[in-house]
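Accompanying notes for the structure given below.
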There are 2 protein chains.
Amino acid sequence: MVAEAAGVSKMTASRVLRNEGGFSPQTRDRVLAEVERLGYLPNRIAAVFSGDQKSTFIGVSIPDLGNEVFTHVLEGIDRKLSAFGHQTVLGMTQRVAGEEEKWIGTVLSWQPAGLILTGVSHAPRVQQMLEAADLPVVEIWELSATPFDMCVGLDHEASGRAMGRYLVSKGYKHFGYVGTHHDAANAAAARLSGFGEAVKAGEGRLKKQLLLNDVPGFYTGYYGVEQLLSSAPETEVVFFQNDNMAMGAIQFCQAKGISVPGDLGIAGWGELPIASVLPYRLTTVRVNHLRIGQAAAEKLLLRISGDSVDPVTDVGFQLIEGETV
Amino acid sequence: MVAEAAGVSKMTASRVLRNEGGFSPQTRDRVLAEVERLGYLPNRIAAVFSGDQKSTFIGVSIPDLGNEVFTHVLEGIDRKLSAFGHQTVLGMTQRVAGEEEKWIGTVLSWQPAGLILTGVSHAPRVQQMLEAADLPVVEIWELSATPFDMCVGLDHEASGRAMGRYLVSKGYKHFGYVGTHHDAANAAAARLSGFGEAVKAGEGRLKKQLLLNDVPGFYTGYYGVEQLLSSAPETEVVFFQNDNMAMGAIQFCQAKGISVPGDLGIAGWGELPIASVLPYRLTTVRVNHLRIGQAAAEKLLLRISGDSVDPVTDVGFQLIEGETV
DNA sequence: TTGAAAGCGATACCAT
DNA sequence: ATGGTATCGCTTTCAA
């Protein structure tokens with residue numbers, strides 16, 4: 001350690017650096033002066049290694065950053081974590097099956113203080129690794145009654161059901177859904193499931209469910225609704241996987257002279273900022289994405305500092321009764 | 001090391017784990033079997049510490065994730081890095097001045113293999129720390145003729161100038177600009193500067209430059225253009241800080257019955273996906289955000305593996321002559 | 001092909 | 001208030 005060139009033992013220097021007491025003010029000043037002079041930076045790798053501690057890293061896995069909702073979640077996480085001296089180690093995994101498992105192995109080898117994982121379904125090996133690693137884990141986005149450890153999210157199926165019921169209550173009979181195709185059971189699938197259930201219970205018909213092999217963006221909504229209408233022109237209202245897709249659909253309708261909601265009702269999900277510029281309010285489901293991230297980070301930090309934590313947080317959702325249905 | 005319960009020394013096990021040769025196939029199989037059985041995960045912290053190596057972390061600082069362009073940059077970075085066994089350690093710094101310096105200190109203490117920093121202006125202490133740390137650094141977004149180490153970005157001033165010239169060539173005389181306020185000299189300021197220069201050279205008048213204290217999003221564009229028009233109604237065309245703001249402005253015009261480009265011309269910057277749903281093409285500047293991230297990661301990886309690297313990459317830009325001016 | 005020993009930079013523990 | 005010593009898990013070096 002360079003700072004003991006200041007005439008003290010490395011132990012004393014270490015104590016000063018960590019400000020844990022047990023040194024005189026003079027010593028302190030002498031050490032800090034040398035630190036400053038030499039531009040000394042502590043080696044946290046060595047510290048973690050030494051103390052058999054965990055690092056201050058938090059591994060955060062999200063499907064991808066292209067999806068705007070997850071950037072908000074991530075921002076919520078990182079803001080909170082960095083305020084408490086932790087670092088986010090990113091993992092964009094869900095693009096390829098099996099990536100999560102690989103990523104978790106890597107990130108665990110860095111002795112992270114905790115993990116935040118998107119989704120509640122993981123490979124069996126992942127479960128094993130997590131158990132063996134014995135660290136705080138928060139699963140986010142979807143809700144699970146039996147989380148691996150902790151969980152922050154919302155009941156996607158209920159949100160779809162709520163939207164279905166609402167649309168039924170508006171008198172619609174012929175429903176459509178446009179989303180994108182996902183490999184596994186996931187949140188969007190749960191929404192569709194709840195939606196379909198409510199439609200059925202309301203004696204409506206979910207005539208057309210379009211699952212496109214594309215990303216859930218504006219353009220996908222644009223051509224998705226076009227495709228849906230051409231094959232099921234009797235559709236009265238369409239529920240979209242997210243607001244981006246709904247916005248694309250609205251633009252399509254505008255371009256084609258289809259009046260919304262007169263000719264076609266449109267509902268989104270997620271309440272993304274883009275919808276705020278419409279001259280009318282988009283019917284959608286509000287979810288506080290940032291709050292999911294913050295709550296997840298908070299839970300993790302509490303657990304790391306040894307507090308007891310309520311394992312499951314339901315951040316809920318709110319149906320926005322807009323003017324597009 | 002647990003795996004030497006397989007009857008070999010830890011050295012042999014270590015060699016097998018790193019697959020560096022110097023062991024028999026039988027030994028190999030025996031060790032790997034134990035690794036599997038015990039669910040052994042290597043401790044990379046110890047490895048880095050031991051070898052006096054760098055870690056595989058790459059520190060990536062970006063202003064914030066709310067700004068869509070940086071999420072694309074980040075995605076480009078992380079895709080490339082993770083494909084080569086590196087991990088992104090996130091730093092959202094620019095919200096507060098001085099945060100970058102603090103963050104760099106922290107991240108350097110983890111012995112990262114390299115850094116990617118947004119922007120080319122850094123505090124003097126940051127410069128010192130980077131020099132002392134002696135690691136590859138890529139500055140992104142803005143271009144610098146004299147980067148600290150390496151640099152990937154584009155000439156923002158030139159892009160503003162190009163837009164200015166183009167609008168002048170379309171016969172406009174009264175120009176406006178709407179952006180957001182930033183504390184330091186930055187990319188958007190450079191664009192405005194180039195824009196103003198071109199307008200002046202074209203004998204136009206940049207009557208109104210609106211710098212709002214807000215985030216550069218849809219809604220900011222919406223009320224920004226409203227504010228600009230009320231104080232400078234003679235404005236014929238407005239250049240916005242980004243496409244999101246331009247989109248907000250277009251929605252405003254639509255709501256108020258202002259025809260675009262008949263009554264007012266609108267130009268954006270950055271070519272964000274949202275504009276793709278307009279029934280006409282937005283006049284804007286195309287920048288390949290993803291490519292900036294990828295190129296930065298590539299440069300870093302090349303340098304890390306000891307190759308010589310061209311220090312500066314200009315990813316350029318392309319003026320999109322749309323239908324909104 | 002294998003192993004024994006030193007050491008990386010910090011901290012915990014025990015002494016002074 | 002201060003310092004000596006062992007130690008963390010792994011890699012490097014040297015020897016067998």
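The analysis underlying the following values was restricted to heavy atoms, covering all of them including side chains, and did not include hydrogens, waters or symmetry mates. In what follows, chains are A, B, ... by sequence order, proteins preceding strands, each numbered from 1.
Contacts between residues 22-29 of chain B and DNA chain C, defined by a heavy-atom separation under 4.0 Å, are made by B:Gly22, B:Phe23, B:Ser24, B:Thr27.
Protein atom CG of B:Leu41 is 10 Å distant from nucleotide atom P of D:dC10, rounded to whole Å. Following rounding to the nearest Å, B:Asn19 (CG) and C:dT1 (C1') show an atom-to-atom distance of 15 Å. Rounded to an integer number of Å, the gap from CZ of B:Arg30 to C1' of C:dT2 is 11 Å. Residue A:Leu17 contributes atom CG, which lies 15 Å from atom P of D:dT2 at whole-angstrom precision. The distance between atom CZ of A:Phe49 and atom P of C:dG9, rounded to the nearest whole Å, is 12 Å. Taking atom CH2 of residue A:Trp110 and atom P of nucleotide D:dG9, one finds them 16 Å apart after rounding to whole Å. When rounded to the nearest whole Å, the span between CG of B:Asn43 and C1' of D:dT7 equals 14 Å.
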Donor-acceptor contacts, no H, no angles, side chain residues 128-135 of chain A, under 3.5 Å, sequence neighbours left out:
none

I'd like a table of donor-acceptor pairs (distance under 3.5 Å, sequence neighbours excluded) in which one partner is a side-chain atom from residues 291-300 of chain B, with atom names and distances.
residue	atom	partner	partner atom	Å
B:Glu298	OE2	B:Lys80	NZ	3.0
B:Lys299	NZ	B:Asp310	O	2.9
B:Lys299	NZ	B:Thr313	OG1	2.4

Could you give the side-chain donor-acceptor pairs of residues 103-115 of chain A under 3.5 Å, partners two or more places apart or in another chain?
residue	atom	partner	partner atom	Å
A:Trp103	NE1	A:Leu90	O	3.3
A:Thr106	OG1	A:Lys102	O	3.2
A:Ser109	OG	A:Thr106	O	2.6
A:Trp110	NE1	B:Gln87	OE1	3.4

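Of the side-chain N and O atoms in A:Tyr40, none sit less than 4.0 angstrom from OP1 or OP2 of C:dG9.
Listed by chain and number, the residues in a side-chain hydrogen bond (donor to acceptor under 3.5 Å, both in side chains) with A:Arg303 are A:Asp149 (sequence neighbours excluded). In terms of the side-chain hydrogen bond (donor to acceptor under 3.5 Å, both in side chains) criterion, A:Asn43 has no residue partners (sequence neighbours excluded). A:His86 meets the ring-ring contact (aromatic ring centres under 6.0 Å, His included) test with no other residue; sequence neighbours excluded. Residues meeting the side-chain hydrogen bond (donor to acceptor under 3.5 Å, both in side chains) test with B:Thr12, sequence neighbours left out: B:Ser9. With sequence neighbours left out, the side-chain hydrogen bond (donor to acceptor under 3.5 Å, both in side chains) criterion links B:Ser55 to no other residue.
Here the nucleotide nearest the side chain of B:Ser9, chosen from D:dG9, C:dG3, C:dA10, is C:dG3.
Annotation: the terminal axes of the helix from C:dT1-D:dA16 to C:dT16-D:dA1 meet at 30°, where each axis is the rotation carrying the C1' atoms of four end pairs onto the next four (5 pairs per end, rounded to 10°).
Pairs of residues two or more places apart, or lying in two chains, that qualify as salt bridge (Lys or Arg N to Asp or Glu O under 4.0 Å) and include a residue from residues 18-32 of chain B are B:Arg18-B:Glu20.
Contact check for A:Tyr40 versus A:Leu17: side-chain heavy atoms found under the 4.5 Å cut-off.
At a cut-off of 3.5 Å, with distance as the only test, a side-chain donor of A:His122 or A:Glu139 sits close to an acceptor on the other residue.
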Every protein N/O within reach of nucleotides 12-14 of chain D N/O, cut-off under 3.5 Å:
residue	atom	partner	partner atom	Å
D:dT12	OP2	B:Arg18	NH1	3.4

